[in-house]
Amino acid sequence: MAPSNNLFPSNFIWEIIEEDIKANKHGGRVATRFPPEPNGYIHIGHAKSICLNFGIAAQFGGACNLRLDDTDPAGESLEYVQSIIDDVRWLGFDWGERLFYASDYFDKLYEFAVQLIMAGKAYVCDLNADEIRQYRGTFTEPGKDSPYRNRSVEENLDLFERMRAGEFADGSCVLRAKIDMASTNVIMRDPIIYRIKREPHYRTGKKWIIYPMYDFAHCLSDALEKITHSICTLEFENNRPLYDWFVDQLIMGDRPQQIEFARLNLSYTVLSKRRLIELVENGHVAGWDDPRMPTVAGMRRRGYTPEAIRNFCAAIGVAKNENLVDIGLLEHCVRSDLSETAPRVMSVLNPLKVIIDNYPQEKVEEFECANHPQKPEMGTRKVPFSRALYIEYDDFMEEPPKKYKRLGPGREVRLRNAYVIKYQSLRKDERTGKILEIHCTYDPQTREGAPPDGRKIEGVIHWVSARHAVPAEVRLYDRLFNVPDPSMAGDDFMETLNPNSLETLSSSFVEASLKDAAPGNRYQFERLGYFCIDAKDSSGKHVFNRIVSLRDTWGKIAAQNKP
RNA sequence: UGGGGCGUCGUCAAGUGGUAAGACACAAGAUUUUGGUUCUUGCAUUCGGAGGUUCGAAUCCUCCCGCCCCAGCCA
């Protein structure tokens with residue numbers, strides 16, 4: 001069930017379904033399914049499909065099944081099944097009791113294959129893989145009939161039974177549909193239905209050594225579940241005639257209708273399972289849930305909200321155009337959700353010590369700070385202020401450029417939620433030139449508002465009180481790749497990896513109110529971005545993941561002024 | 001190359017013969033104790049190209065061009 005209404009705007013698939021309902025096709029029923037293979041974690045591209053399928057079911061009063069398409073034991077595992085279940089649920093969807101596995105249909109699928117043989121529509125072929133490929137022909141030349149194509153029904157039945165019984169070696173023979181070796185659609189040239197594979201299956205164990213192929217299993221699984229609209233990606237368009245053929249041969253009644261849409265491509269990342277696996281296995285990321293990964297698990301750990309991801313899926317639309325969606329749109333969806341919901345808090349990533357010379361040594365004041373400037377209902381919290389503070393290293397410059405509104409020689413600045421301070425002097429490490437601390441004075445009359453003399457204070461900077469600050473580790477993430485479309489580099493896509501996609505800051509400070517905050521909590525660090533407490537908190541020190549930065553118009557201006 | 005698809009703003013994407021929605025991005029301005037948020041404004045005389053039909057075409061017809069998918073015992 002879709003978690004909110006109008007989650008998914010109308011698209012061409014909706015129109016087809018509306019027509020079908022009008023025409024009373026499938027008795028006006030709508031049933032969809034999300035059918036991942038459990039051989040990897042699901043990613044933002046799957047999320048698009050999930051929102052589409054569950055969204056349609058919700059919109060048209062139907063149901064959406066979750067079906068694990070586990071017909072090839074190689075690479076499939078329970079770990080992946082569990083991750084898929086967790087991720088789809090976390091995205092906010094519910095399949096009720098309708099969790100299915102293609103492997104639960106193995107007996108039925110075997111029976112279907114037997115039926116096909118009996119109808120003279122399938123045969124056991126002893127050609128090896130190489131030979132099958134040769135016999136298949138090319139795009140421009142028709143294929144040749146297999147020499148085994150005309151075996152009798154009895155012989156085929158016997159052979160197929162013996163395939164299942166384990167009498168033949170892996171790869172020595174296959175069961176094929178007898179369709180048309182001269183078809184202009186290569187898919188239809190006597191496609192393979194069953195292959196022998198002595199690989200234990202994570203669910204059926206060693207019960208089977210023959211496994212059905214996707215084209216056979218998928219359409220029949222759909223039919224068995226009485227799916228009405230089988231939505232898949234564009235690359236299956238060529239397979240549709242075969243989908244229809246199998247169902248028409250074997251199932252009476254309405255055939256599910258396969259409809260194809262364009263899969264999502266996202267800039268500066270990769271979404272092919274093969275490439276994602278490569279990132280994980282070669283250690284370029286810390287795992288499937290590395291916060292830089294476009295996986296649902298990665299985005300969750302990064303701090304993205306299900307709401308933001310759903311909004312993104314709604315924003316990109318559904319069509320048949322090849323696309324490369326700007327990852328900036330995803331970031332926009334995350335910001336606009338978090339801007340509403342994340343409490344504001346102060347934190348200093350790269351600390352610079354500030355001493356307020358005219359503030360009493362031991363004095364501590366508490367400021368009542370709004371958790372959200374536009375939402376008083378989100379409450380306030382107390383933030384301590386004292387003589388020694390930390391501010392952001394970048395918020396002071398000895399020789400500030402034009403338009404710089406922060407601290408510098410002779411300058412005044414507003415401390416967010418607190419006093420106006422004025423620069424006095426600094427102390428530097430003579431060897432490195434690094435500024436060790438700066439000294440300022442504060443204006444006691446500016447606690448509540450603007451200075452009474454009417455002078456204008458332009459800049460506002462954030463801070464934390466040094467003796468109250470909570471040490472934290474902060475992880476800043478950047479795009480995983482340096483080019484908009486890494487897949488353009490083909491197998492060399494790893495060479496376009498961004499070596500600086502993770503920057504770890506180990507001497508940051510967060511304000512005292514965050515001391516006992518729970519993992520998973522999301523905050524806006526004012527002027528910096530949105531951050532999420534990582535669940536994997538090692539040394540007792542908090543670890544914050546940067547979910548996404550704030551829009552940074554100054555950063556843009558500063559970058560433009562550099563060259 | 002045979003077959004199957006797709007070409008509308010920088011990126012997505014509506015549009016279904018009546019005179020180019022919206023979002024992101026971008027630009028300018030206003031408000032602001034976050035260079036954030038919010039607000040206002042601007043942003044395709046033209047729909048891959050060329051012909052044709054029509055009073056009228058992104059939408060219909062013809063030809064051409066470009067891109068994607070298919071020759072796994074993967075899904």
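As the structure is a computational prediction, the values presented were derived from the model and not from experiment. All chains are named by letter (A, B, ...) in the order of the sequence lines, taking the proteins before the strands, and each is independently numbered beginning at 1.
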Suppose you measure atom [atom1] in [N] against the same atom in [M]; what distance do you get, rounded to whole Å?
N	M	atom1	value
B/C39	B/G48	P	33 Å
B/G56	B/C64	P	26 Å
B/G36	B/C26	P	12 Å
B/G49	B/U11	P	15 Å

For this session: Please state whether the rings of A/Tyr390 and A/Phe509 are parallel, tilted or perpendicular, taking 30° and 60° as the class boundaries.
Result: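 Geometry flag for A/Phe509 against A/Tyr390: parallel rings.
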Exercise. Below 3.5 Å, does any donor atom in the side chain of A/Glu340 face an acceptor in the base of B/U37, or the other way round?
Worked result: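 There is none.
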Exercise. Which nucleotide, B/U34, B/G35, B/C24, lies nearest any side-chain atom of A/Lys403?
Worked result: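 It is B/G35.
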For this session: Tell me which nucleotide among B/G35, B/U33, B/A27 gets nearest to the side chain of A/Arg414.
Result: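 Closest nucleotide to the A/Arg414 side chain: B/U33.
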Exercise. Is the base of B/G72 syn or anti, where syn means the angle lies within 90° of 0?
Worked result: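 You should classify B/G72 as syn.
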Name the nucleic acid region contacted by [X], choosing base, sugar-phosphate or nothing; use a 4.0 angstrom heavy-atom cut-off, strictly under.
X	value
A/Arg406	base
A/Gln374	base
A/Arg416	base

Exercise. In terms of the nearest nucleotide of RNA chain B, which residue is placed more toward the 5' end: A/Tyr419 or A/Leu329?
Worked result: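 Counting from the 5' end, the first nearest nucleotide belongs to A/Leu329.
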Exercise. Start at the 5' end of RNA chain B and walk down; is the nucleotide closest to A/Arg240 or to A/Glu526 reached first?
Worked result: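 The residue closer to the strand's 5' end, by nearest nucleotide, is A/Arg240.
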For this session: Flag this pair as yes if the NZ/CZ of A/Arg162 is under 6.0 angstrom from the six-membered ring centre of A/Phe168 and inside a 45 degree cone about the axis; otherwise no.
Result: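 Cation-pi check for A/Arg162 and A/Phe168: fails.
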Exercise. Should the pair A/Arg411 and A/Phe396 be classed as cation-pi, given the thresholds of under 6.0 Å to the six-membered ring centre and 45° from the axis?
Worked result: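 Relative to the ring axis of A/Phe396, which defines the angle, A/Arg411 lies outside at least one limit.
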Enumerate all atom pairs, one protein N or O and one N or O from nucleotides 8-10 of chain B, separated by less than 3.5 Å.
none

Seminar exercise, completed: For nucleotides 69-75 of chain B, 5' to 3', base contacts (B), sugar-phosphate-only contacts (S) and non-contacts (-) with protein non-hydrogen atoms under 4.0 Å give BBBSBSB
Exercise. Checking ring pair (Phe, Tyr, Trp, His ring centres under 6.0 Å) against A/Tyr211, which of A/Phe216, A/Phe106, A/Tyr110, A/Tyr105 comes through?
Worked result: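 Only one option passes, and that is A/Phe106.
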